[in-house]
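Okay, structure first, notes after.
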2 protein chains.
Amino acid sequence: MVTLVEVARHAGVSASTVSYVLSGKRPISDLTRRRVRDSIEQLGYQPHAGARALASSRSRIIALMVPLRTDMYVPVMLEIAVAVATAARAHGYDVLLLTGEEGPAALRRVTGSGLAEAVILMDVQLDDERLPVLRAAGPPSVLVGLPGDPSGLSCVDLDFAAAGALCVEHLAGLGHREIAVIGEAPGVYARHTGFAERTLRGLRDRAAELGAGLLHRPCEGGHAAVAGVLARVFDERPGVSAFVVQNETAVEPLLALLRRTGRAVPEDVSVVAVCPEPVAAQASVPLTSVAIPAQELGRRAVERLVTGLSARPGDIGPRGGGPADGGPGAGASPAPGVELLAPVLTIRDSSGPAPAGRGGVRS
Amino acid sequence: MVTLVEVARHAGVSASTVSYVLSGKRPISDLTRRRVRDSIEQLGYQPHAGARALASSRSRIIALMVPLRTDMYVPVMLEIAVAVATAARAHGYDVLLLTGEEGPAALRRVTGSGLAEAVILMDVQLDDERLPVLRAAGPPSVLVGLPGDPSGLSCVDLDFAAAGALCVEHLAGLGHREIAVIGEAPGVYARHTGFAERTLRGLRDRAAELGAGLLHRPCEGGHAAVAGVLARVFDERPGVSAFVVQNETAVEPLLALLRRTGRAVPEDVSVVAVCPEPVAAQASVPLTSVAIPAQELGRRAVERLVTGLSARPGDIGPRGGGPADGGPGAGASPAPGVELLAPVLTIRDSSGPAPAGRGGVRS
DNA sequence: CTGAAAGCGCTAACAG
DNA sequence: CTGTTAGCGCTTTCAG
């Protein structure tokens, strides 16, 4: 392996000069810089990651914790993960992939060993067991998702409450008075996953404001489950003229079942989804939907992290520094606070005016 | 940060003893071992990853390269990635997530810098540009997937050719004489992705052997695309009584369209899929299918890698380093060779005897 | 069975 | 603008 010292020798300079050429942390004459760069090139030099991490206490690695269970939102998860990796690279960071399996211990491990200098958490739950680790002088971190108590934490997420409200507004504006919500699998709610509950709150609150009826039903994925839920919905509320779906695996079954039971979309029934764009656009009826901006979420998470990280050397936080910081996690955390991306509703072919006979257009 | 020296002091032993307690590379008396372990516990000691990597030339990190484009097989990809991460942890390794974006350069980077000591490649193409890097004294590596020329490389994959053959056998056994294949998006074939072509070959070969007609059509995801393909299929070959689908996003649209055009599954038309189990099981008609064993693939890949890696001494030569020191890939690669997992066909509700009037039961 | 000590390759004060 | 020099924390000879 070719080392920095060899490069220095080859270029006729000292080791530190090579180091500084690489880091740009002090002025270097053009001539020297060129010489060093040439030597690096010729020798095919690559700095040793471990040595760097040891000497600088910076590993340039961000740990990304993805959920172990892949029972939901799988495409979104991968898309976020890839976006995180891509954005991280753009800032000179690499990404370490952690599964939820080890739980909080994994965070302690990668962080305590200096393997990763920061973490991004996906699939955050309302009362997430990993959060205490982050709060207690933990490593710089950003959550993709919103826990019950985000105080002292940095979070990025879609504003699911607003997304829910937006769906209801759209449907109410079209005259729908009875709306049914096909939600995530019961397990998702049981785990108290923030986004599902927030969406529901947004839906309910706006429905109440607008005087529309709202019926919510969790739903496992797959055709059979959707069939069951759908039957019960129409049984309980025959006047339902619109659906909001937040469950990727329920989208096609729902459309198929509506079709089969003789309900045309959007003439008889409107459908609005909260899902990734491709799912909505490629559905058998292109769906009016609120997109889940996976790429954007990943990118933002990394950016929050990196802006904090780069303001590093032994200095107090650049802005709004927390209380006394002295623990091992003295690294500059990103500014705490919640960043909610505004939802965007795209109108496609699945939503239309409420049928006159059913819900009754509001006068 | 608490260091090994502090642990040593606390336990009243030397630094090397602590190190050896940790590595188990030399006999330690029970008493000493217990004392050291206690100190480690009490002080909450965690070895510094960078220092370790530097001193031992082993980072205990495996790089996993996932495809950048997430246009296909997304759930499978994530499942494999998670399986890799989980299996790696079980062997004491962590996983670095690389996207295809940087291409071969990423491999050189993480490998040349000692960041990762081995790599796993997903979504391998027939003539993959990353392979030269691996062949030329590259790092220990395993491919999930099969390139055109796997010589000198270690690969794990489902035996897609056998999977294809299996599908045809099953259908032919049920009396179907005209089979249509709904394949991956044209882009997948254009990129010469191995698995798609191998499946096709398996399908064609066995169909020829059994004297069945086979019509193959690549297909973009989504309802509209499938509708177009389907129409043309029945136009060209009205006698088609069975479908093989290898495209997750085409499964539901296909079923919906068959239904809508009055073809009952499996009474009029049989459908067999090559896809992950959940997709097949949750379809609107539970599908007879050949599973893609994502977990197994991830696990095997890691195991191949690790068995090679552990048979590797700490480092190469004595100090005073000789100049002739192989490239970065001086490590022990896993035994080259291709490991193909045997496909398993699970019969569900979507396949049945060919209708008498259509394809004509073989006498 | 245990200690002492020499680095691994790099960064970041200190000196010019 | 550049060089010298301590380490960063750990592994691994070499001695005992």
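Computed from a prediction, not measured in an experiment: that's the story for all the values here. Letters A, B, ... mirror the listed sequences (proteins, then strands); counts begin at 1.
Rounding to whole angstrom units, CG of residue Leu22(B) and P of dT12(D) are separated by 12 Å. A straight line from NZ of Lys25(B) to P of dC1(C) spans 19 Å, rounded to a whole angstrom. As rounded to whole Å, 16 Å separates atom P of dC10(C) from atom CZ of Arg60(A). As a whole-Å value, the separation of Glu6(A) CD from dC8(C) P is 11 Å. What separates CD1 of Ile40(B) from P of dC10(D) is a distance of 10 Å, to the nearest Å. The CG-P distance, from Leu4(A) to dG9(C), rounds to 11 Å in whole Å. Spacing between atom CE of Met1(A) and atom C1' of dC10(C) amounts to 10 Å, rounded to whole angstrom units. In this entry the distance linking NE2 of His48(B) with P of dT11(D) reads 12 Å, nearest Å.
Applying the side-chain hydrogen bond (donor to acceptor under 3.5 Å, both in side chains) test to Ser29(A) and every residue at least two apart in sequence or in another chain returns Thr32(A). Thr86(B) meets the side chain to side chain contact (heavy atoms under 4.5 Å, CB included) test with Leu68(A), Thr99(A), Glu101(A), Val82(B); sequence neighbours excluded. By the side chain to side chain contact (heavy atoms under 4.5 Å, CB included) test, Ala11(A) is found to be paired with Val13(A), Val36(A), Ser39(A), residues two or more places apart in sequence or in another chain being considered. Scored by the side-chain hydrogen bond (donor to acceptor under 3.5 Å, both in side chains) test, Thr17(A) finds Ser14(A) as partners (sequence neighbours excluded). Listed by chain and residue number, His91(A), Arg299(A) satisfy the side chain to side chain contact (heavy atoms under 4.5 Å, CB included) test with Glu303(A) (two or more places apart in sequence, or in another chain). Residues satisfying the side-chain hydrogen bond (donor to acceptor under 3.5 Å, both in side chains) test with Arg33(B), not counting sequence neighbours, are Asp30(B).
Screening residues 35-47 of chain A for salt bridge (charged side-chain N to carboxylate O under 4.0 Å, His left out) gives no qualifying pairs among residues at least two apart or on separate chains. The stretch residues 107-116 of chain A participates, sequence neighbours left out, in these salt bridge (charged side-chain N to carboxylate O under 4.0 Å, His left out) pairs: Glu102(A)-Arg109(A), Arg109(A)-Asp94(B).
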Could you run down the sub-3.5 Å N/O contacts of the protein with nucleotides 6-8 of chain D?
residue : atom : partner  : partner atom : Å
dC8(D)  : O2   : Ala55(A) : N            : 3.3

Might you list the N or O atoms of the protein lying below 3.5 Å from N or O atoms in nucleotides 2-5 of chain C, with each pair's distance?
residue : atom : partner  : partner atom : Å
dT2(C)  : OP1  : Ser29(B) : OG           : 2.8
dT2(C)  : OP1  : Thr32(B) : OG1          : 2.3
dT2(C)  : OP2  : Ser29(B) : N            : 2.8
dT2(C)  : O4   : Arg26(B) : NH1          : 3.0
dG3(C)  : OP2  : Ser14(B) : N            : 3.0
dG3(C)  : OP2  : Ser14(B) : OG           : 3.3
dG3(C)  : OP2  : Thr17(B) : OG1          : 2.7
dG3(C)  : N7   : Ser16(B) : OG           : 3.4
dG3(C)  : N7   : Arg26(B) : NH2          : 2.9
dG3(C)  : O6   : Arg26(B) : NH1          : 2.7
dG3(C)  : O6   : Arg26(B) : NH2          : 3.4
dA4(C)  : N6   : Ser16(B) : OG           : 3.2

Got a list of side-chain donor-acceptor pairs under 3.5 Å for residues 140-150 of chain B, not counting sequence neighbours?
residue   : atom : partner   : partner atom : Å
Asp149(B) : OD1  : Ser151(B) : N            : 2.9
Asp149(B) : OD1  : Ser151(B) : OG           : 2.8
Asp149(B) : OD2  : Ser151(B) : OG           : 3.2

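A salt bridge is absent between Arg60(A) and Glu117(A): the closest approach of a Lys/Arg side-chain nitrogen to an acidic carboxylate oxygen does not fall below 4.0 angstrom.
Considering only side-chain N and O atoms, Arg52(A) lies under 4.0 angstrom from the phosphate OP1 or OP2 of dT11(C).
Taking five base pairs at each end of the helix from dC1(C)-dG16(D) to dG16(C)-dC1(D), the local helix axes there meet at an angle of 30°, rounded to 10°.
Between the OH atom in Tyr93(A) and the CD1 atom in Ile61(A) there is a gap of 11.0 Å [rounded to 0.5 Å].
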